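Remember, it's a predicted structure, so these values are computed and weren't measured experimentally. We use all heavy atoms of the structure for the numbers below, so side chains are in, but hydrogens, waters and symmetry mates are not.
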Amino acid sequence: MVLEIIVMVKQVPDSQEVVIDPVTMNLNRSLTRNVTNSADENALEAALRIKDKVGANVTVISMGPPQAETTMIECLARGADRAILASDRFFGGADTYPTGLTIAATISKIGKFDIIFAGEESSDSSTGHVGPGVAEFLNIDQITYASSVDYEDGYVTADRELEGGTETVRVPTPVLVTVLLNSNSPRMQTLRRKIDAVKKGMEVWDHDKIGLQPEWVGVRGSPTIVRKMRPIKERERAAKKIDVAGLGDLARELYEKKILKLEEE
Amino acid sequence: MAGIKMATPAAKPEEYKNVFVFLETREDKLVRPALEMIGVGKRIADKVGEKLYCLLLGGNIKDEAKEAVSYGCDIVLGAESPDLSVYRTLPYSKIISDFVKEEKPNIFLIPATRNGRDLASRIAVSCEAGVTADCTELDIEQDTRILSANRPTYGESMLAEILCKKHRPQMATARAGIFPVPDRVKSPKGEIRINSVKVDKSLLKKEVLEFKKKNAVDLTAAKVVVSGGMGLGKADGFKLIEELASEIGGVVGSTRPAADMGWISRDHQVGQTGQTVRPRLYVAAGISGKIQHIMGMKNSETIIAINTDPNAEIIKYSDYVINADLYEAIPALVNSIREEKKKLAPAAGK
Ligand SMILES: Cc1cc2nc3c(=O)[nH]c(=O)nc-3n(C[C@H](O)[C@H](O)[C@H](O)COP(=O)(O)OP(=O)(O)OC[C@H]3O[C@@H](n4cnc5c(N)ncnc54)[C@H](O)[C@@H]3O)c2cc1C
Ligand SMILES: Nc1ncnc2c1ncn2[C@@H]1O[C@H](COP(=O)(O)O)[C@@H](O)[C@H]1O
């Protein structure tokens, strides 16, 4: 039986050009370009390497608005076999709970799965909570913050990068793995695959197709709400210019102002 | 598939009382973010006259339970078993979720470390709670006992205040290095409740084969940090960074891409996905000042940037700007500092 791999990918605003509407304090989506969340490209690459090694069916899924199609096509063009976009006006405004719920329900609807990949976090929400949430909904084990992933005979072995060191773990499938940003180099899309990808296209599933009640998902299904947003004001700093000839003066100033001390405690 | 259902609001939110914090350990020793959680948890509990419960799991945790009490914890809820001596998602989330369902806390705080985030979301789903990730400000409203969970968003330019009004507990993960480690209390009188537990075999399928410790540099406690970025151009550049750091009693930091390149190990990384530092002096050499790096060092008391680009973003976060090639500026700076030291302590100089 062929291995079934699912990859969770999210389309996010390009972090280099985020524009905040000064009135609503929300993201101005019309001025911001959308891209595939970088860590999710690493997640897809990790899946495709397992496909190269032992053969697998790789399905990418995303919850998001219709314009996420560009991301879905891109994933197909890199080598995914199937793309499903969970898209529905009821899904909007979801916090991590209904996001995980919608994705988990979509995966259940697909049926069999052996490994689910996600990114370590999304660049716009940066919670890292959606992956583990999906694993809890599906009642399976997980490996988070993986820098390398290998699959053999029903087991996934991975290195996890933690604050104090690297942990190597081995888990029988089914398992969900979240992959570190930049942990591999995602392959390019080939022209031939791009043409095939556009031809193949993505499937769009709404709440009805997935089997979700409208009040379970999106903003209505979210335990948390944003009460307000305020700009973070940084302390003004002098940015005093020093040239190389002035480094002697700088050294004196650092000791005078006790920014440097002769004895560090 | 069991349990794919919406989060049901708490029928009686007023029945949920007290503050839980998860005490993360490594080799059965509390890690620094655990102490930070005790501090913030205690402040919130005190404000509404409730108790601080500390959750401690491990192989042998009696000493660390006493530690937690010495920092102000009112009740330690412990679970002890050889199977819990290393963190594993399933046994930890099951045992902790059971504690939550039994004790019904109003608030539950978990450090936003990697294992903390691994855990928090599973508990939130299992307990049908609301969770806010990576908070940098946490407070409670006295009359409503609603948690005000604040987290930076939109590339750290905005702070979002997030509430969870109907679901319980109100959960949050707190960014490490932001909340101060509390002082020890004078006459600690917390209660310790540790149970030996038997962990269900089905939760233990994950094998932890190895843990390769990094000679963990704790940047968060450093008074002086000297960091290098891609402007170093090569791994060797870090020798220069080390030289400056050792001259001024500092530790070495890096940006993420410099660590990605393998120029230096990951535990030196400062920023969103590295450590958050607030030293007396931070030197940023060959670092452009992208927001993910800035968020890890912007609260440093004094910041010096060394950069060839007069328009680098780092400049607006800097007190001093050396607009020069770091390969010229750092050796010159090291020299100036040596000279200055000689002047200040002639006896100590050679
Ligand atoms: C989800 C996510 C998480 C991230 N987390 C982190 C994180 O935790 N920490 C982090 O640092 N980054 C993080 N990043 C990456 C971040 O966005 C930037 O890419 C990174 O901080 C840039 O690193 P840098 O300044 O070393 O390199 P660059 O941006 O390439 O800057 C190099 C700088 O060196 C200067 N320079 C070049 N030559 C010299 C010279 N000879 N002398 C002096 N100056 C010179 C250049 O002018 C330039 O300003 C993250 C990104 C994402 C998407
Ligand atoms: N709307 C979504 N659709 C598909 N995958 C998602 C979505 N949101 C988050 N993810 C996945 O979960 C990971 C963590 O996201 P986050 O919890 O938002 O930081 C991402 O890297 C994605 O793999």
Minimum heavy-atom distance A:R237-B:D319, with the two atoms named: NH1-OD2, 2.7 Å
Is it the case that more than 12 heavy atoms not belonging to B:K205 sit under 6.0 Å from its NZ atom? no
Residues [X], [Y]: salt bridge by 4.0 Å N-O rule:
X: A:D159; Y: B:K212; value: no
X: A:R227; Y: B:E141; value: yes
X: A:E234; Y: B:K298; value: yes

Would you kindly say whether B:Y87 and A:E167 are connected by a side-chain donor-acceptor distance under 3.5 Å? no
Between the side chains of A:N182 and B:R256, does any donor sit under 3.5 Å from an acceptor? no
Name the option with the most non-hydrogen atom pairs under 4.5 Å to chain A; the candidates are B:A7, B:A332, B:G130. B:A7
Any donor and acceptor pair, going by atom type alone, linking the side chain of [X] with main-chain N or O of [Y] inside 3.5 Å?
X: A:R235; Y: B:E301; answer: yes
X: B:R114; Y: A:E161; answer: yes
X: A:E163; Y: B:T113; answer: no
X: B:K316; Y: A:A239; answer: no
X: A:T224; Y: B:L163; answer: no

Between the CD1 atom in A:I242 and the CD1 atom in B:I322, the distance rounded to the nearest 0.5 Å is 6.5 Å
Contact origin within [X] toward chain A - heavy atom pairs under 4.5 Å:
X: B:V31; answer: neither
X: B:A124; answer: backbone
X: B:E207; answer: both

Do A:L162 and B:N115 have side chains that get closer than 4.5 Å, going by heavy atoms? yes
Less than 4.5 Å apart, side chain to side chain, heavy atoms only: is that true for A:I225 and B:I162? no
How far apart are the C-alpha atoms of A:E136 and B:K94, what are their side-chain angles, what is the distance that settles it, and do they pass the salt bridge (Lys or Arg N to Asp or Glu O under 4.0 Å) test? CA-CA 10 Å; A:E136 179 69 26; B:K94 170 76 169 75; over 6 Å; no
